[in-house]
Amino acid sequence: MKIASWNVNSIRARLERLLHWLAEHQPDVVCLQELKVTEEQFPFEVLREAGYRAAVYGQKAYNGVAILARAELTDVQRGFGDEEEEAQARLIAATVDGLRVLSAYVPNGAEVGSEKYAHKLRWLDRFKGYLKEYDLSGRPLVVCGDFNIAPEARDVAHPDAWEGTVLFNPEMRAAFRELLDSGLIDTFRKHEDRGGFYSWWDYRRLAFVRDDGLRIDHILATPPLADRCTAAWIDREARKGPKPSDHAPVIAVFDWP
DNA sequence: ATGGTTGCTTAGCAA
């Protein structure tokens with residue numbers, strides 16, 4: 001099973017690119033973030049014609065997450081499913097071929113010390129609690145998304161320049177480690193020790209041509225599933241050319257089922 | 001400290 005995660009930065013602006021990418025890479029499951037559409041505006045029909053069903057948690061103009069799958073999607077859950085009200089569409093879960101799949105869009109945080117950064121911290125804390133509900137030791141779970149966190153210095157093109165930002169600081173690195181400590185494995189790091197691999201480059205400052213990127217999009221898996229992860233990579237090619245998303249898709253292949 | 005770009009929505013916000 002080939003699983004991808006991609007922050008498309010508007011599914012309407014990226015639909016042609018997404019369709020071409022699906023045809024070329026033939027993933028079984030795709031977790032999408034930053035749809036920037038309501039569920040009513042989501043292009044279910046063209047994706048169905050391309051062979052994909054979709055579970056969607058949309059919102060007007062901002063955020064929005066989805067899970068695409070060739071197989072049936074069951075037990076769809078939108079948001080954290082707790083008492084607290086859901087103001088932003090940032091989390092969706094569904095079961096595909098017996099595998100629980102999450103698509104998450106962690107808040108960016110704007111600036112360290114801002115109200116948005118406080119919201120990012122709260123959201124991550126809530127996410128940790130949400131993951132605790134799963135039996136992370138046994139039940140196969142894959143957590144995909146734009147985490148808006150670069151886990152380590154080797155995940156940042158210029159760590160000194162990015163140190164202290166919302167994407168790369170000690171507090172965020174600790175938050176990411178805690179997610180892993182709760183029983184998840186970074187599939188990319190299972191297969192690649194070297195630095196220099198990024199999933200996001202700012203539209204500004206010619207960041208992509210200068211390769212000033214950060215690895216902030218991740219596919220995490222529970223240990224029994226991670227054991228069955230046979231390959232993982234980032235499709236940097238998808239960031240090239242006209243009208244790209246500012247994120248590249250990340251991919252993991254599992255010997256499943 | 002600011003700016004640079006993109007998308008949604010229509011001047012300003014979010015990233």
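As a basis for the values below, the full set of heavy atoms in this structure was taken, side chains included, without hydrogen atoms, waters or symmetry mates. Letters A, B, ... are given to chains in the order of the sequence lines, protein chains preceding strands, and every chain is numbered from 1.
Atom P of dA15(B) sits at a distance of 14 Å from the matching atom of dT9(B), rounded to the whole Å. Look at the P atom in both dA1(B) and dA11(B): the space between them is 31 Å, to the nearest Å. Atom P of dG4(B) sits at a distance of 22 Å from the matching atom of dC8(B), rounded to the whole Å. For the P atom pair drawn from dT10(B) and dA14(B), the interatomic distance equals 14 Å after rounding to whole Å.
For Phe168(A) and Trp162(A), the ring centers are positioned 6.0 Å apart or more. For an aromatic pair to be called close, the ring centres must be under 6.0 Å apart, and Trp200(A) with Phe147(A) fails this.
The pair Asp186(A)-Arg177(A) does not meet the salt-bridge criterion, since no charged nitrogen lies less than 4.0 angstrom from a carboxylate oxygen. Remark: Glu72(A) does not engage Arg53(A) in a salt bridge, criterion side-chain N to carboxylate O under 4.0 Å. Using a 4.0 Å cut-off between a side-chain N of Lys or Arg and a carboxylate O of Asp or Glu, Glu39(A) and Arg78(A) qualify as a salt bridge.
Between chain A and DNA chain B, the heavy-atom contact criterion of under 4.0 Å yields a 5' to 3' nucleotide range of dG3(B) to dA15(B).
Residue pairs meeting the salt bridge (Lys or Arg N to Asp or Glu O under 4.0 Å) criterion with at least one member in residues 222-235 of chain A, sequence neighbours excluded, do not occur.
Closest-nucleotide positions on DNA chain B for Ala110(A) and Arg205(A) were compared, and the one nearer the 5' end corresponds to Arg205(A). Between Asn148(A) and Asn9(A), the residue anchored nearer the 5' end of DNA chain B, judged by the nucleotide with its closest heavy atom, is Asn9(A).
As judged by a 4.0 angstrom heavy-atom cut-off over every strand, Arg90(A) is placed among residues touching the sugar-phosphate backbone only. Residue contacts for Phe208(A): at a heavy-atom cut-off of 4.0 Å it reaches no nucleic acid atom on any strand shown.
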